[in-house]
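The structure appears right after this line, and notes come after that.
Just follow the structure's listing: the first ligand is 1, and inside any ligand the first atom is 1.
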Amino acid sequence: MGADSKGRLEPGFNTHVFICGHSRPDGATRPNCSSKNSLELLAELKKKVREANVEGIRVQKSGCLDFCENGVSCVIYPMGEWYSLGGKKDLDLLLNRILDGSPAPTIKMDFDNGQ
Ligand code: FES
């Protein structure tokens, strides 16, 4: 096994956050998270996690998470919880969920969309 450049003893993170960064061309049949500023939200959340100075949290861009109509799509593990991020205002709720377990029901992805 190769040495880890950061001195870690085994692979993995305590919390893994994926934010969809997928984009589609104009006229596509499904919406996409990139057009809803997901990459800006991703960068801002990374910054907030850095500033929190907590080890073991990995925030990264994902491809399409296939819940495009509910995006910006976000999923966190190991909780397996899905969130719809509506803007920077939602990032503190998400961060509090990750850091101290505070529930964030207002940003949970809503599958009951009236259809
Ligand atoms: S484009 Fe983001 S979930 Fe599909």
In short, Gln60 meets Leu42 closest at the heavy-atom pair C-CD1, 3.6 Å
Please tabulate, for side-chain N and O atoms in residues 82-90, each donor-acceptor pair with protein atoms closer than 3.5 Å (sequence neighbours left out).
residue : atom : partner : partner atom : Å
Tyr83   : OH   : Glu81   : OE1          : 2.6
Ser84   : OG   : Asn70   : O            : 2.7
Asp90   : OD2  : Gly86   : N            : 2.6

Could you pull out the closest heavy-atom pair between Met109 and Ser73, with the gap in Å? CE-OG, 3.6 Å
Amino acids in close contact with ligand 1, where any non-hydrogen atom sits under 4.0 angstrom away: Cys20, His22, Arg24, Asn32, Cys33, Cys64, Leu65, Asp66, Phe67, Cys68, Ser73
Decide whether Asp100 and Ser102 meet the rule of one side-chain donor and one side-chain acceptor closer than 3.5 Å. yes
Does the Arg97 side chain pair with the main chain of Gly101, one donor and one acceptor, at a distance under 3.5 Å? yes
So Cys20 and Ser62, do their side chains get closer than 4.5 Å, heavy atoms only? yes
